[in-house]
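Take a look at the structure set out below.
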Amino acid sequence: MFKNIKIKYLFMFIFLFIFIGTLFTVFAQSSDEGMNTKFLNPKYKNLDDIDKIALNKVVIVGDSRMEFLLDDEDVVKPINFIFDVKSGAGFDWFEETGKPKLEDILNNKDLNYHYHVVFNLGVNDIQYEENVTKTFDDYFKEYQALADKYGDVDFYFLSINPIDEDLLNESQPYNVRTNEDIEKLNDDFKDAILKIDNFKYCDAYNDLEFLTDDGIHYLSKTSQDILNYIARRCVVYK
């Protein structure tokens, strides 16, 4: 009789041990997932990736497309991304405001992080200057100088992404920009960047689908796709 009781309690103990172990595992997994979403978009579920990404800072320098992305509450933004952006920004803004702010960030880096800078400017300059070659020359001279000055920082040029010419010509009858101009400027950057060790070209133009309601600014879904592209397919984390 006593033998049967001992066996009964032994089975109960084993069952209880397995149950508590399973419960603990489920809780730990849910806690990990909660920590993941604290850092980045919930799409980023790989904990090893999250630990690595969290040790990096990404500075995005851009115009209204990036400012709208920043202000869009429907777009989930990584907490380790810094935005240096302005609606209507072109080369003059970059020289007077964008570049000084960027240099201030890079001159005062938190040494616990590796820094990356993503440039996404140029679509407004094609309108202002109507000269693709001058736009490229102006920006690339500055980008190259920054890459030389901050050799411990990784720089990226995110392609100037397309417009819907029919919609843009309707919403802005004075528009002179074309996708042909944008593609030419992208190609110039792509070729030149190959010569700089700490500079990379990211071709979202050909890799993503772009949805717009005014011909130049993107819907929330596209903005999220662009941000995910930067975070997961453009920046190379250290």
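We count residues from 1, following the sequence as given.
- Defined by atom type and a distance below 3.5 Å, a donor-acceptor pair is missing between the side-chain atoms of Asp148 and Gln144.
- Asp63 approaches Val85 most closely through the heavy-atom pair O-CB, 4.2 Å.
- Nearest heavy-atom pair across Thr135 and Ile126 is OG1-N, 4.4 Å.
- Between Leu55 and Asn112, the closest side-chain pair of non-hydrogen atoms is not below 4.5 Å.
- A salt bridge links Arg233 with Asp207: the closest approach of a Lys/Arg side-chain nitrogen to an acidic carboxylate oxygen falls below 4.0 angstrom.
- Judged by distance alone, with hydrogens and angles left aside, the side-chain atoms of Asn161 form a donor-acceptor pair with the main-chain N or O of Tyr205 at under 3.5 Å.
- Under the 30°/60° scheme for interplanar angles, the aromatic rings of His116 and His114 are found to stand perpendicular.
- The closest donor-acceptor contact from the side chain of Lys200 to the backbone of Cys234 lies under 3.5 Å.
- In the hydrophobic clustering of this structure, Leu69 groups with Leu158; members are Ile, Leu, Val, Met, Phe, Trp, Tyr whose side-chain heavy atoms approach within less than 4.5 Å, directly or through other members.
- The ring pair (Phe, Tyr, Trp, His ring centres under 6.0 Å) with Phe91 is formed by just one residue from the set Tyr143, Tyr139, Phe140; it is Tyr139.
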Go through the steps for Lys221 and Asp74 under the test side-chain contact (heavy atoms from CB on, under 4.5 Å), then give the verdict.
CA-CA 8 Å; Lys221 179 185 182 305; Asp74 293 327; over 6 Å; no
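- Side-chain contact, Tyr150 with Asn107: a donor N or O sits under 3.5 Å from an acceptor N or O.
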Going through the distances and angles, do Asp154 and Lys238 end up as a salt bridge (Lys or Arg N to Asp or Glu O under 4.0 Å)?
CA-CA 10 Å; Asp154 289 316; Lys238 299 294 179 67; 2.8 Å; yes
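- Counting heavy atoms from C-beta outward, Gln224 and Asn228 have side chains that approach closer than 4.5 Å.
- Interatomic distance, CD1 of Ile160 versus CG of Leu185, reported as 4.0 Å (0.5 Å rounding).
- More than 12 heavy atoms of other residues, nucleotides or ligands lie within 6.0 Å of CG in Asp152, so this atom counts as buried by the packing criterion.
- Taking 4.5 Å as the limit, every side-chain heavy atom of Glu170 sits out of range of all side-chain heavy atoms of Asp166.
- Of the N and O atoms on the side chains of Ser159 and Asn186, not one donor lies less than 3.5 Å from an acceptor on the other residue.
- Checked against the 6.0 Å centroid criterion, the rings of Phe68 and Tyr218 do not qualify as a close aromatic pair.
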Apply salt bridge (Lys or Arg N to Asp or Glu O under 4.0 Å) to Asp137 and Lys141, showing your working.
CA-CA 6 Å; Asp137 289 341; Lys141 179 181 176 181; over 6 Å; no
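- Using a distance-only test at 3.5 Å, with no hydrogens or angles considered, a donor-acceptor pair links the side chain of Gln127 to the main chain of Tyr174.
- For Asp84 (side chain) and Lys99 (main-chain N/O), no donor-acceptor pair under 3.5 Å exists by modelled atom type.
- Remark: the backbone N or O of Leu106 is paired with a side-chain donor or acceptor of Lys109 at under 3.5 angstrom.
- In this structure the side chain of Asn80 never reaches within 4.5 angstrom of the side chain of Tyr113, judged on heavy atoms.
- Panel note: side chain Thr222, backbone Leu211; a donor-acceptor pair is recorded below 3.5 Å.
- The aromatic rings of Phe199 and Phe119 sit tilted relative to each other, their planes meeting at an angle between 30° and 60°.
- The main-chain N or O of Asp214 is found under 3.5 Å from a side-chain atom of Ser171 such that the two form a donor-acceptor pair.
- A pairwise comparison of heavy atoms in Glu130 and Val176 identifies CG-CG2, 3.6 Å as the closest pair.
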Assess the residue pair Asp138 and Lys134 against the criterion (side-chain contact (heavy atoms from CB on, under 4.5 Å)); give the C-alpha distance rounded to whole Å, side-chain angles, the decisive distance to 0.1 Å, and a yes or no.
CA-CA 6 Å; Asp138 287 343; Lys134 184 178 186 308; 2.8 Å; yes
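- Looking at every heavy atom in both residues, His217 comes nearest to Ser64 through NE2-OG, 2.8 Å.
- Exactly one residue among Tyr156, Phe155, Phe136 makes a ring pair (Phe, Tyr, Trp, His ring centres under 6.0 Å) with Phe189. That residue is Phe136.
- Under the 4.5 Å side-chain contact rule for hydrophobic residues, Leu227 and Tyr201 do not share a cluster.
- At least one donor-acceptor pair closer than 3.5 Å links the side chain of Asn198 to the backbone N or O of Val153.
- Partner Lys184 forms a salt bridge (charged side-chain N to carboxylate O under 4.0 Å, His left out) with one of Asp188, Asp187, Asp181 and no other, that one being Asp188.
- In the hydrophobic clustering of this structure, Met66 does not group with Tyr128; members are Ile, Leu, Val, Met, Phe, Trp, Tyr whose side-chain heavy atoms approach within less than 4.5 Å, directly or through other members.
- Panel note: side chain Glu142, backbone Glu95; no donor-acceptor pair is recorded below 3.5 Å.
- Here the closest non-hydrogen pair linking Leu208 and Phe210 is O-CE1, 3.3 Å.
- Phe157 is connected to Leu102 through a chain of hydrophobic side-chain contacts under 4.5 Å among Ile, Leu, Val, Met, Phe, Trp and Tyr, so both are in one cluster.
- Put simply, Phe81 and Val117 are part of two different groups of oily side chains (I, L, V, M, F, W, Y) that touch within less than 4.5 Å, one to the next.
- Looking at heavy atoms from C-beta onward, Lys86 lies out of side-chain contact with Asn124 at the 4.5 angstrom threshold.
- Not a single donor-acceptor pair under 3.5 Å links the side chain of Arg177 to the backbone N or O of Ile182.
- The shortest distance between side-chain heavy atoms of Glu103 and Leu146 falls below 4.5 Å.
- Between the CD1 atom of Ile193 and the SG atom of Cys202 there is a distance of 8.5 Å, given to the nearest 0.5 Å.
- Shown here for Asn108 and Asp104, the closest heavy-atom pair between the two residues is ND2-O, 2.7 Å.
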